[in-house]
There are 2 protein chains.
Amino acid sequence: MVLKLIPCYPCDHRDQSAVLTALDYSTKYESPFTEKYFTQTMDHFNFNSVGNGSYSQRYLITDKYWEKGYGPIFFYTGNEGDIWDFALNSGFIMELAAQQRALVIFAEHRYYGKSLPFGKESFNIPFVGLLTVEQALADYAVMITELKQQLAATACPVIVFGGSYGGMLSVYMRLKYPNIVAGALAASAPILSTAGLGDSRQFFRDVTSDFESYAPECRDAVRGAFQQLKQLGEQQEYSRIQSEFALCKTPSSPKDVHQLNGLLRNAFTIMAMLDYPYSTHFMGSLPANPVKVACDTMLSGPDLGVLFTGIVYNSSGLLPCFDLYSLYLECADPTGCGLGFNSMAWDYQACTEIELCYESNNVTDMFPPMAFTEKDRELYCAKRWAVIPRPGWLKIQYWGNALSTASNIIFSNGDLDPWANGGVRKSLSSSLIAINISGGAHHLDLRESNAADPVSVINARKIEADLIAQWVKMERTRSQQSL
Amino acid sequence: MVLKLIPCYPCDHRDQSAVLTALDYSTKYESPFTEKYFTQTMDHFNFNSVGNGSYSQRYLITDKYWEKGYGPIFFYTGNEGDIWDFALNSGFIMELAAQQRALVIFAEHRYYGKSLPFGKESFNIPFVGLLTVEQALADYAVMITELKQQLAATACPVIVFGGSYGGMLSVYMRLKYPNIVAGALAASAPILSTAGLGDSRQFFRDVTSDFESYAPECRDAVRGAFQQLKQLGEQQEYSRIQSEFALCKTPSSPKDVHQLNGLLRNAFTIMAMLDYPYSTHFMGSLPANPVKVACDTMLSGPDLGVLFTGIVYNSSGLLPCFDLYSLYLECADPTGCGLGFNSMAWDYQACTEIELCYESNNVTDMFPPMAFTEKDRELYCAKRWAVIPRPGWLKIQYWGNALSTASNIIFSNGDLDPWANGGVRKSLSSSLIAINISGGAHHLDLRESNAADPVSVINARKIEADLIAQWVKMERTRSQQSL
């Protein structure tokens, strides 16, 4: 029996553009957004570089609700994927724009989607070197400044929004460019863990917690099944593994079993992150409450089958078998890079600035021990991209937890989200505000309102709307005083 | 008669290391500083760049007054020259260190002095591309972070200091890295004019004001003399020009006369900037009150001679004649780049990020009309360095005049300094404080106390000392609260 839990084919943690085009073609073209391109500086930080010129950066824009020349600008700082994906899964921003008469812009992150500075060669060395957080932020700063001029919107306060890595970028925009952005809503932004501040066990511990919270037996079932898989591997019962997991090829080495473990762990990660109370089509198509669905299924199945039935990479039901190496790629992000160009870009970022050395260990979590140390990262990244990561750099550059001089930032997190505890969970001041969304998964608050929303997210959005309205008002006062 | 006003040979507005070595060899080695080198990341913003490695960045350090592990760190953000030059001309920082028991570090700016990332090839394309403000700031952020670890000084608040472009860097450090620096004393930092916010006529107007303030007749004499030179040029009386100005070669074209005008205007600029009340050996050796000395001399001399006697590039008296093209080079900074490696670096910075399009026009100033438009800059910089300047970038990156979210910065300026009105002259908040130093030239407050100091600078230093002590105290409280 194949459960339609993880739907994309091929499953891609980060790049859902193909899936989106197939599934949501009409949504995309019925949306209020116009797709445009901005002539962007290729290299903001080197005037004699390989990229001495400009590239076309995609952005989506809608003035449907805008009070022209006066209403605020809500600017989504695009993250690791096709910008349409974020625009179509962040309906709250449109709801807020309607309330506050805002212009809405979703800007695509360089090296993702269609914003490839060197086209197909973008991921060749040395061209890939222009993929950094700093370049992305400078892109947004320059784009906002120039679009405000073009749109006769220089008096309009700008609020930035982002989820996950996009939320980190929103925070960074407010830290580094408060001259340009008046405030930031950072949803599910793990700014601490990705800067090396945290516990490498936290992430998979918190994935485990979600399953455990639903039912301790569910956690035990998963752990038991991984244990069985381990034994089958040790006994070299590769045919049995192939048949249990419907693999296309018979595994033939511990490496293959390791790969299978990674693929399985990733499926649990996705279910925990995207444990929304209604079905979604964000990173693949998921049913409502996928953790519940998975646990119910697993607890009703045979021992090993729980893994098989619970976390299938085949929602379409079209795959006759599973190819271990085309459905999942190990990369510098143990929570998954996905497949395709976008995943290459994310792998590069995880190899350079973003620190994601998370481990599972089967003690603090239910997964097999799978370490990913700074040393592992170094070896992998040197080989893959000819780079040496610089641990500590992100903390220096984006302040780590020394945020006391910052202001006008909301750090929202849902307690179902394994990324949450990598972020800011307690308010740091009257203008650095942490919001906890009980029963919320990964940036639930950015999604459009839904009848199944828990009251916590309804309240969170109200607080967010109020704070953003205040920031806009403050910014108007400030800019009038400085005239 | 040759007046020893502008003493260096060859005269170099920015690079005085050779002069220093000759003049102040003993001072340098009797100073409390130890010269060290820091292994610095070559390219902070590209993991696959031409500079994939490290370079040796020079810094000077003294713990003479430091309360080890507790006292603050006073960190000078080195600017466009040999770091010894700044260390030996910023005695106030040592006086303050003695009072406040601080560790003192003077860090050399990359591409200046001995901190050449690619040695002799540093100014070749594309190697010169790693010379940017952003790289310099990242150097300082990384250096501070690592030295604090090495010196068991992680609990010690850091205050940054800088004069002129170094003051701009101090401001930027506080804006971009408040996680690392608790406050900044920015002396004579033209953060507004260099970001394109200001009037292109301001600089030479204010140079003129200094001479006019001493005596309107002095201004008139200078203007008249330039007028005479112009006539001689138009009449092609090149031999007369050669003899009047003791030039080594007979000028032979309007270009040569233009070059002479540039050289002469530059001498007035230096006198105005460095119009200290006692003799100095900073950018060359100057007598006390050079503007007064120059004016007195000029007003007692024959018409054309006023320019000749007043602004000689030959304090040593050893030069038998003046070579127009070896004593002064036109570059992207109309206030002067100097000669040698350091001047090449500064020219590159003026061709990329730092906007210095100042003109003289003989209406709002006493100099011949010499324009330097954004278009002139573009043409020059494309030809010289194969770069296209990006006007507006510095304003985006370092906030322009939108500084309201910043804190703990002192903007000190002397009213004799032609750079002053390119900076912040009025306090913006209770923690963004402008200090005016009446009768003060270019960052006089950073110099060591002198019996000839005007009372204004004595008071300024007291205010600065108090504010810095407060910031250090605040930072201790803050960091204890966040523990």
(request) Go through A:V128, A:T405, A:T132 and name the one with the most non-hydrogen pairs under 4.5 angstrom from chain B. (result) A:T405
(request) For each of A:S407, A:A138, A:P178, A:P126, tally heavy-atom pairs with chain B at distances under 4.5 Å, and name the one with the top tally. (result) A:P178
(request) Kindly assign one of parallel, tilted or perpendicular to the pair B:F45 and A:W393, based on the angle between their ring planes and the thresholds 30° and 60°. (result) perpendicular
(request) Specify which of B:I396, B:N408, B:I180, B:V133 makes the most heavy-atom pairs with chain A at under 4.5 Å. (result) B:I396
(message) Which one wins on heavy-atom pair count under 4.5 Å against chain A: B:L428, B:I125, B:L131, B:L137?
(response) B:I125
(message) So for A:Y348, is it side chain, backbone, both, or neither that comes closer than 4.5 Å to the heavy atoms of chain B?
(response) side chain
(message) Checking an interface table here. Which of residues 167-175 of chain B come within a heavy-atom distance under 4.5 Å of chain A?
(response) B:R174, B:L175
Run the side-chain donor-acceptor check on residues 379-388 of chain A: report pairs under 3.5 Å with partners two or more places apart or on a different chain.
from	atom 1	to	atom 2	distance (Å)
A:Y380	OH	A:D347	OD1	3.3
A:Y380	OH	A:D347	OD2	2.6
A:W385	NE1	A:D347	OD2	3.0

(request) Apply side-chain contact (heavy atoms from CB on, under 4.5 Å) to B:K176 and A:W399, showing your working. (result) CA-CA 9 Å; B:K176 295 289 196 178; A:W399 311 7; 5.9 Å; no
(message) For the CG atom of A:L130 and the OG atom of B:S49, what is their distance to the nearest 0.5 Å?
(response) 10.0 Å
(request) Measure the OG-CD distance between B:S404 and A:E475 for me, rounded to the nearest 0.5 Å. (result) 7.0 Å
(message) Just so I know, are the side chains of B:F47 and A:Q349 near enough to count as touching, which here means a heavy-atom distance under 4.5 Å?
(response) no
(request) Taking the side chain as every heavy atom from C-beta outward, state whether B:R390 and A:H44 have any pair of such atoms under 4.5 Å apart. (result) yes
(request) Report, by ascending residue number, the residues of residues 141-151 of chain A in heavy-atom contact with chain B at a distance under 4.5 Å; give 'none' if the set is empty. (result) A:A141, A:V142, A:T145
(request) Of all the heavy-atom pairs spanning B:A402 and A:N179, show the shortest one and how long it is. (result) CB-CB, 3.8 Å
(message) According to side-chain hydrogen bond (donor to acceptor under 3.5 Å, both in side chains), who are the partners of B:E378, at least two apart in sequence or on a separate chain?
(response) none
